[in-house]
Visitor: 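This is the structure I want to talk about, given as structure tokens.
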Amino acid sequence: MTVTNWRNHTRVLACLALAVFAAPALADVRLTYITADSHRDSAQVYVQDGRVRLENPRESRSVIIYESDRHRFLILDPADKTFRVVDQRAVDDLRRMIARVQSAMSALPDSIRGMIDNHVPTVSALLKYPLPQVAIAATGATVRTDDYTCRTLTVSVNGGIGYGLCVVPASKLGISEDDAQTLASMAEDLRRLSGRNLTLKPQVQELLLKDVGVPIKYVDFRQGQTHLLNTIGRGELSEKVTAIPPDYEQRSLVDVF
């Protein structure tokens, strides 16, 4: 696998926490987020029968499906028609592989490790931090919009603030209790799979897990873009929306290495 593909997969894992906590749980609904400057679609969220699909219409390699009944996430790659399963077994295998790679790196002579650090910084960073450290914290501030008062959160990735969220309780958007439970299940599964790689501050647990906070606005500080919830479309969705296409082949999560 090329360094570019490796970086793509680790970026998907880094964004998984943001994607999950940014996805409201609604039955048979599509939420569309747009960029504030261009008003182009930037993210779409489909929810149907305990499943959630998240995708970026302009990024073909970033489709994530969550299945609450199987407590797992699926990373779909439409470009090569493959998918990877992120469940407890896959995560355990990946962590063991990371440990072996890091052990092999530590056994290299200092001159070789120094050469990698100095001349191939991207590979060096991936070897040192193959799985992102994500922390979600509440700022304590509120923002008033035309329709809602939202609470602000920050999402840090490897120590640097990468994203900002402004969330309102799911009930304010008319989300049913059953749908809120789907989101709660998704959040709990993410926390369980992430282990120490994901930290939720106490106030965040209240906002996201109890109130089931839904972002009406989020900011990508790294890209310098602001995204807004634009539409909530309701109506029966095709079962294909949250299903793995029949012609997709499963790949191991470990082969990102």
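Both backbone and side-chain heavy atoms feed into the values below; hydrogens, waters and symmetry mates do not. All values derive from a computational prediction rather than experimental measurement.
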Visitor: Is Ile65 linked to Val85 within one hydrophobic cluster, defined over Ile, Leu, Val, Met, Phe, Trp and Tyr using a side-chain heavy-atom separation of less than 4.5 Å?
Guide: yes

Visitor: Tell me, with the steps shown, if Arg222 and Val157 meet side-chain contact (heavy atoms from CB on, under 4.5 Å).
Guide: CA-CA 11 Å; Arg222 297 181 172 187; Val157 181; 3.4 Å; yes

Visitor: Decide side-chain contact (heavy atoms from CB on, under 4.5 Å) for Leu31 and Gln44; before the verdict, give the C-alpha distance in whole Å, the side-chain angles of both, and the deciding distance to 0.1 Å.
Guide: CA-CA 6 Å; Leu31 286 86; Gln44 291 182 340; over 6 Å; no

Visitor: What's the separation between atom CD in Glu249 and atom CG in Asp247, rounded to the nearest 0.5 Å?
Guide: 10.5 Å

Visitor: Distance-only, no hydrogens or angles: does the Asn230 side chain make a donor-acceptor pair with backbone N or O of Ile34 under 3.5 Å?
Guide: no

Visitor: Check whether the side chains of Ser185 and Tyr66 place a donor and an acceptor atom closer than 3.5 Å, and report yes or no.
Guide: yes

Visitor: Do Leu207 and Tyr148 share a hydrophobic cluster, counting only Ile, Leu, Val, Met, Phe, Trp and Tyr and linking them when any side-chain heavy atoms are less than 4.5 Å apart?
Guide: yes

Visitor: Val219: which other cluster members, linking ILVMFWY side chains closer than 4.5 Å, directly or transitively?
Guide: Ile161, Phe221

Visitor: Apply side-chain contact (heavy atoms from CB on, under 4.5 Å) to Lys201 and Thr199, showing your working.
Guide: CA-CA 6 Å; Lys201 304 300 183 180; Thr199 301; 4.3 Å; yes

Visitor: Using 0.5 Å steps for rounding, measure from the CD1 atom of Ile216 to the NZ atom of Lys172.
Guide: 12.0 Å

Visitor: Any side-chain heavy-atom pair from Gln88 and Leu193 closer than 4.5 angstrom?
Guide: yes

Visitor: Could you give the distance from CZ (Arg84) to OG (Ser252), rounded to the nearest 0.5 Å?
Guide: 8.0 Å

Visitor: Look up atom OG1 in Thr139 and atom CD in Gln203, then write down how far apart they are to the nearest 0.5 Å.
Guide: 8.0 Å

Visitor: Within the supplied structure, the quantity of interest is the number of heavy atoms (other residues, nucleotides, ligands) at a distance under 6.0 Å from Arg196 CZ; does it exceed 12?
Guide: no

Visitor: Is a side-chain donor-acceptor pair under 3.5 Å present for Asp80 with Thr82?
Guide: yes

Visitor: Given Ser238 and Tyr46, is the side-chain contact (heavy atoms from CB on, under 4.5 Å) satisfied, shown in steps?
Guide: CA-CA 10 Å; Ser238 168; Tyr46 304 82; over 6 Å; no

Visitor: For Asp92, is there an ion pair with Arg89 - N to carboxylate O distance below 4.0 angstrom?
Guide: no

Visitor: Any side-chain heavy atom of Tyr163 within less than 4.5 Å of one from Pro215?
Guide: no

Visitor: How long is the span from the CZ atom in Arg151 to the CG atom in Leu153, to the nearest 0.5 Å?
Guide: 8.5 Å

Visitor: If you compare all heavy atoms of Leu237 against all heavy atoms of Gln48, which two are closest, and at what distance to 0.1 Å?
Guide: O-NE2, 2.7 Å

Visitor: Testing the basics here: between Tyr248 and Pro78, what is the closest heavy-atom pair and its distance to 0.1 Å?
Guide: OH-CA, 3.2 Å

Visitor: What closest approach, in Å, do Gln223 and Asp220 show between heavy atoms, and which atom pair accounts for it?
Guide: N-OD1, 3.1 Å

Visitor: Could you pull out the closest heavy-atom pair between Asp41 and Pro57, with the gap in Å?
Guide: CB-CG, 4.0 Å

Visitor: Evaluate whether atom CZ of Arg95 has more than 12 neighbouring non-hydrogen atoms of other residues, nucleotides or ligands under 6.0 angstrom away.
Guide: yes

Visitor: Would you check if Leu198 and Leu190 make a side-chain contact, meaning some heavy-atom pair closer than 4.5 Å?
Guide: yes

Visitor: Please say which of Val63, Ile75, Asp77, Leu76 ends up in a side-chain contact (heavy atoms from CB on, under 4.5 Å) with Phe83.
Guide: Leu76

Visitor: Provide the closest heavy-atom pair for Val168 versus Thr149 in the form atom of the first, atom of the second, distance.
Guide: CG1-O, 3.7 Å

Visitor: Does Leu74 reach the side chain of Arg72, with side-chain heavy atoms less than 4.5 Å apart?
Guide: yes

Visitor: Less than 6.0 Å separating the ring centroids of His227 and Tyr33?
Guide: no

Visitor: Inspect the contact between Arg96 and Asp93 and indicate whether a charged nitrogen and a carboxylate oxygen are less than 4.0 angstrom apart.
Guide: yes

Visitor: Is the closest side-chain heavy-atom distance between Leu253 and Leu94 below 4.5 Å?
Guide: yes

Visitor: What closest approach, in Å, do Thr152 and Cys166 show between heavy atoms, and which atom pair accounts for it?
Guide: CG2-SG, 3.8 Å

Visitor: Less than 4.5 Å apart, any side-chain heavy atom of Met186 and any of Val52?
Guide: yes

Visitor: Roughly how far, to the nearest 0.5 Å, is CZ of Arg70 from CG of Asp189?
Guide: 13.0 Å

